[in-house]
Amino acid sequence: MESTFSSPAETALQLEAGAAGLRTPLGDLDRVYELERVVGFVRDLGCQRVALQFPDQLLGDAGAVAARLEEATGSKVFILGDTAYGSCCVDVLGAEQAGAQALVHFGPACLSPPARPLPIAFVLGQRSVALELCAKAFEAQNPDPTAPVVLLSEPACAHALEALATLLRPRYLDLLVSSPALPLPVGSLNPDPEPLERFGRRFPLAPGRCLEEYGAFYVGGSEAISDPDLDPDLSRLLLGWAPGRPFSSCCPDTGRTQDEGARAWRLRARRRYLVERARDARVVGLLAGTLGVARHREALAHLRNLTQAAGKRSYVLALGRPTPAKLANFPEVDVFVLLACPLGALATQPSGSFFRPVLAPCELEAACNPAWPPPGLAPHLTHYADLLPGSPFHVPLPPPDSELWDTPDVSLITGDLRPPPAWKPSTDPGCSALTPRPQLELAESSPAASFLSSRSWQGLQPCLGQTPVTAAVTGRRGIAIAYEDEGSS
């Protein structure tokens, strides 16, 4: 019976980390994990304790890599398991708990700034790229040699972009090569002028040029993936790229290309649908999806103030990685907003098994801020830091007496007229709101308490001291259709 409905308890203890069939041969460890560069990183800092972060699929090589680094550097090396939120984010909290002085992150990374200062080295991997096939695919997709194009890639193929650009530059005059926005080495001088940083990449734009003028050619992906929309890195680029510019992708193994215009249109259409769902929602669940990315506390306070200004109730939930089973425990919540890194916020969107839709912070901003530009004019911001004050994309909330709060709005899903927000923005960063009432001057109201009072079932009432004490009695025996004291019928 146990093996039919669940796994035995001993299975978890006998399970080996990582996939045994995918372990890297010992002779290839130095090349695959760039151990020479990692050793130089540790020696330059003089670290005595170093943390290594691996995703689940690479944990099979963690022991061998740690042993090589300890032998080469003489430092104590710790292996961090997968984080509670996402493998792409740097686990600075886990590194600090181990007393590590530096951290080395292996595998795909979102390259989001960490919440706490810590020397970090990224090893993105080096996937093989068929340069000749990709160059021919680029020429087929871009017949005009004067059109401005940006070369993009998944993190593991970034090492081959310069070589690919070398093959294309004799013919293409306006070719821009992006690079991962890796942290600069300690003590290095920032380049002047600093390149534009967006989508976790750096773009060395010439003076007077902007990224919206360029088309895109993305090297990455695989033909074996049944649903390419599950790639959060490509989804981030498609959503944030200028809608009027061409965007094509190329498989690095076969050189097969695909026009991503239709996929980008589907992603934007779903984003607009989620914005409408957020406007119809009355209760919003704010999911804390990261603790290691910078400014996450400030972003959480911003989203709470945003929902309060729009007349919605919000609840902050810390559940780790969101799953359908976890979120189904909160049926009162109309929509969830995942406050995570750009890749983490998009990773759960294509799944249709969630009981309620899961939004990114940008969708909630577009739904609750009446000063936000209309669809088609506002950029889709993939990182929540772009919504905060100090960002060039930040749009402050209108004052309480602004006419924008009273503008009639009709739901495109239900067709009903949405009422104007009953609550106005409050300068108090706390969790309570001051609500004016006609008969009382001011009353402090708690959204959680008011919602609980409106429920028909509010939980078990203990009634301590009011229930009489009785002796235990023998209960019924048998099964529900034939208890022993009922006889046969």
Task: Results of salt bridge (Lys or Arg N to Asp or Glu O under 4.0 Å) for R272 - residues two or more places apart only - done: none
TODO: May I have the step-by-step check of side-chain contact (heavy atoms from CB on, under 4.5 Å) for L45 and V50, ending in yes or no?
DONE: CA-CA 10 Å; L45 295 175; V50 182; over 6 Å; no
Open item on the list: Run R304 and V316 through side-chain contact (heavy atoms from CB on, under 4.5 Å) and show every step you take.
Closed with: CA-CA 9 Å; R304 295 176 64 182; V316 180; 3.9 Å; yes
Open item on the list: Rounded at 0.5 Å granularity, tell me how far CG in D91 sits from OG1 in T290.
Closed with: 9.5 Å
TODO: Ignoring hydrogens and angles, tell me if any N or O in the side chain of H296 forms a donor-acceptor pair with the backbone of V293 under 3.5 Å.
DONE: yes
- [ ] Could you tell me whether a side-chain N or O of R201 sits under 3.5 Å from a main-chain N or O of S153, the two making a donor and an acceptor?
- [x] yes
Task: Side-chain donor or acceptor of E276 paired with backbone N/O of L412 under 3.5 Å - done: yes
Distance-only criterion, 3.5 Å: show the donor-acceptor pairs between side-chain atoms of residues 173-182 and protein atoms not counting sequence neighbours.
from	atom 1	to	atom 2	distance (Å)
D174	OD1	Y214	OH	3.3
D174	OD2	R209	NH1	3.2
D174	OD2	R209	NH2	3.0
S178	OG	L151	O	2.7

Open item on the list: Between the side chains of R169 and E162, is the shortest nitrogen-to-carboxylate-oxygen separation below 4.0 Å, so that they form an ion pair?
Closed with: yes
Show me the donor-acceptor pairs within less than 3.5 Å that the side chains of residues 139-146 make with the rest of the protein, sequence neighbours left out.
from	atom 1	to	atom 2	distance (Å)
Q141	NE2	T257	OG1	3.1
N142	ND2	F138	O	3.1
D144	OD1	T146	N	3.2
D144	OD1	T146	OG1	2.8
D144	OD2	T146	OG1	3.3

Open item on the list: To check you understand the geometry: which heavy-atom pair defines the closest contact between G215 and W241, and what is its length?
Closed with: O-CZ2, 3.8 Å
Task: Close side-chain approach of F217 to V150, heavy-atom, < 4.5 Å - done: no
Open item on the list: So, using ring-ring contact (aromatic ring centres under 6.0 Å, His included) as the criterion, who are the partners of H105 when residues are at least two apart?
Closed with: F122
Open item on the list: R127: which residues meet the salt bridge (Lys or Arg N to Asp or Glu O under 4.0 Å) condition with it, sequence neighbours left out?
Closed with: E154, D253
Task: Side-chain touch L286/Y315, heavy atoms, less than 4.5 angstrom - done: no
TODO: Give the intermediate values and the outcome of side-chain contact (heavy atoms from CB on, under 4.5 Å) for residues L364 and L306.
DONE: CA-CA 8 Å; L364 185 66; L306 193 66; 4.2 Å; yes
TODO: Find out whether I120 and P114 are in side-chain contact, i.e. whether some heavy atom of one side chain is under 4.5 Å from a heavy atom of the other.
DONE: yes
Task: Inter-residue atom distance L161.CG - L152.CG, 0.5 Å rounding - done: 8.0 Å
Task: Beyond-backbone contact of E298 with P389, side-chain heavy atoms, under 4.5 angstrom - done: yes
Open item on the list: Run the salt bridge (Lys or Arg N to Asp or Glu O under 4.0 Å) test on R198 and E212 for me, step by step, so that the C-alpha distance in whole Å, both residues' side-chain angles and the decisive distance to 0.1 Å come before the verdict.
Closed with: CA-CA 12 Å; R198 290 189 65 185; E212 288 73 18; 3.4 Å; yes
Open item on the list: Restricting to non-hydrogen atoms, name the atom on L239 and the atom on H380 that form the minimum distance, rounded to 0.1 Å.
Closed with: O-CB, 3.5 Å
Open item on the list: Test your reading of the model: is there a side-chain donor-acceptor pair from N369 to the backbone of V395, 3.5 Å cut-off?
Closed with: yes
Task: Polar side-chain atom of K312 near backbone of V284 as donor-acceptor pair, under 3.5 Å - done: no
Open item on the list: Could you report the tightest heavy-atom contact between F41 and A102, atom names first, then the distance?
Closed with: CE2-CB, 3.9 Å
Please list, one pair per line, the donor and acceptor atoms closer than 3.5 Å that link side chains of residues 333-346 to other protein atoms, with sequence neighbours excluded.
from	atom 1	to	atom 2	distance (Å)
D334	OD2	R282	N	2.8
D334	OD2	V283	N	3.1

Open item on the list: Can you give me the closest heavy-atom contact between L133 and G255, atom names plus distance?
Closed with: CB-CA, 4.1 Å
Task: S87 side chain vs P55 backbone, donor-acceptor pair below 3.5 Å - done: no
Task: Contact check, side chains of Y218 and L237, non-hydrogen atoms, under 4.5 Å - done: yes
Task: Beyond-backbone contact of L388 with R295, side-chain heavy atoms, under 4.5 angstrom - done: yes
Open item on the list: Could you check whether any side-chain N or O of R266 sits under 3.5 Å from a backbone N or O of A264, counting only pairs where one atom can act as donor and the other as acceptor?
Closed with: no
Open item on the list: Is a donor from one side chain sitting under 3.5 angstrom from an acceptor on the other, for S411 and D280?
Closed with: yes
Task: Any donor-acceptor pair under 3.5 Å from S402 side chain to P399 backbone - done: no
Task: Other residues, nucleotides, ligands: >12 heavy atoms within 6.0 Å of R418 CZ - done: yes
Open item on the list: Give me the atom names and distance for the closest heavy-atom approach of L103 to Q53.
Closed with: CD2-OE1, 4.0 Å
Task: Minimum heavy-atom distance L59-L80, with the two atoms named - done: CD2-O, 4.4 Å
- [ ] State whether the side chain of R271 and the backbone N or O of L359 hold a donor-acceptor pair below 3.5 Å, judged by distance alone.
- [x] no
Open item on the list: Determine whether F247 and D259 satisfy the following criterion, side-chain contact (heavy atoms from CB on, under 4.5 Å), listing intermediate values before the conclusion.
Closed with: CA-CA 6 Å; F247 197 112; D259 187 3; 5.7 Å; no
